[in-house]
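The first residue of the sequence shown is numbered 1, and numbering continues consecutively from there. No experiment lies behind these values; they were computed from the predicted model shown.
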Amino acid sequence: MLIDDTEEDLYVLNYILTKHNMARKISIMNSAVDALKYFALRQFNPKEFPNVIFLDIRMPAMDGFEFLDEFMKFPAAIKKQCDIIILTSSNNQGDIDRASKYPIVKRYITKPLELTTVLEISMLQNL
């Protein structure tokens, strides 16, 4: 799943993942609020949750950290299944440190995303 409010970033990541057959299914959410609604409707069916979530930090209405706080409230089986990769333009050390406090955050990557990084992630995360 891709959660980002920037259409260009969503397009690029979706294109890379699709072109290189790195995901069986890609869901795109333009906001963290929409993603949480999607997950709330499926919280009792962990099989419908993605294995990997690419999450932007800087978004209107609800930022990535607020999303993480809410996502941590889901059942343990869901959190165990989903790895979150922060994909953001922020290289602020405070953001990096804050993200590392969430056990479900597996990587922190700054934009722009490069193909080699996605290839490395796909091998490690089993996209």
Min side-chain heavy-atom separation Met29-Phe67 under 4.5 Å: no

ILVMFWY network linking Ile57 to Ile96, side-chain heavy atoms under 4.5 angstrom: yes

Arg98 to Phe65, cation-pi by 6.0 Å centre distance and 45° axis angle: yes

Pairs involving residues 3-23, ordered by first then second residue, that meet ring-ring contact (aromatic ring centres under 6.0 Å, His included) (sequence neighbours left out): none

Side chain to side chain, Leu68 and Val105, heavy atoms closer than 4.5 Å: yes

Distance (rounded to the nearest 0.5 Å) between Gln81 CD and Asn51 CG: 5.5 Å

Non-hydrogen side-chain atoms of Met1 and Ile26 separated by less than 4.5 Å: no

Joint cluster assignment, Val52 & Leu55, ILVMFWY side-chain distance < 4.5 Å: no

Lys NZ or Arg CZ of Arg42 over Phe44 ring: under 6.0 Å, within 45°: no

Close side-chain approach of Leu13 and Asp9, heavy atoms under 4.5 Å: no

Electrostatic pair Asp63:Arg58 at N-O distance under 4.0 angstrom: no

Pro50 versus Cys82, closest heavy-atom pair with distance: O-SG, 2.8 Å

Asp4, Leu17, Asn14 screened by side chain to side chain contact (heavy atoms under 4.5 Å, CB included) with Phe54, the one that passes: Leu17

Verify same cluster id: Ile78, Leu2 (apolar side-chain graph, 4.5 Å): no

Close side-chain approach of Ile85 to Ile53, heavy-atom, < 4.5 Å: no

Shared hydrophobic cluster for Met62 and Phe74 (ILVMFWY, side-chain gaps under 4.5 Å): yes

Shortest non-hydrogen separation from Leu36 to Glu70 and the atoms involved: CD1-CB, 3.5 Å

Side chain to side chain, Asp56 and Lys111, heavy atoms closer than 4.5 Å: yes

Closest heavy-atom pair and its distance - Tyr102, Met72: CD2-CG, 4.0 Å

Residue pair Glu66 / Ala61: nearest heavy atoms and the distance that separates them: OE1-O, 4.0 Å

Salt bridge (charged side-chain N to carboxylate O under 4.0 Å, His left out) partners for Lys37, two or more places apart: none

Any side-chain heavy-atom pair of Asp83 and Ile104 under 4.5 Å: no

Neighbour count above 12 (heavy atom, 6.0 Å) for Gln93 CD: yes

Non-hydrogen side-chain atoms of Asn30 and Leu10 separated by less than 4.5 Å: yes

Nearest heavy atoms of Pro60 and Asp5, plus distance in Å: CD-OD2, 3.3 Å

Cluster check Ile109, Ile3: I/L/V/M/F/W/Y, side chain < 4.5 angstrom: no

Residue pair Ser31 / Asp34, side-chain donor-acceptor N/O under 3.5 Å: yes

For Ser90 against Tyr108, the heavy-atom pair lying closest together: O-OH, 2.8 Å

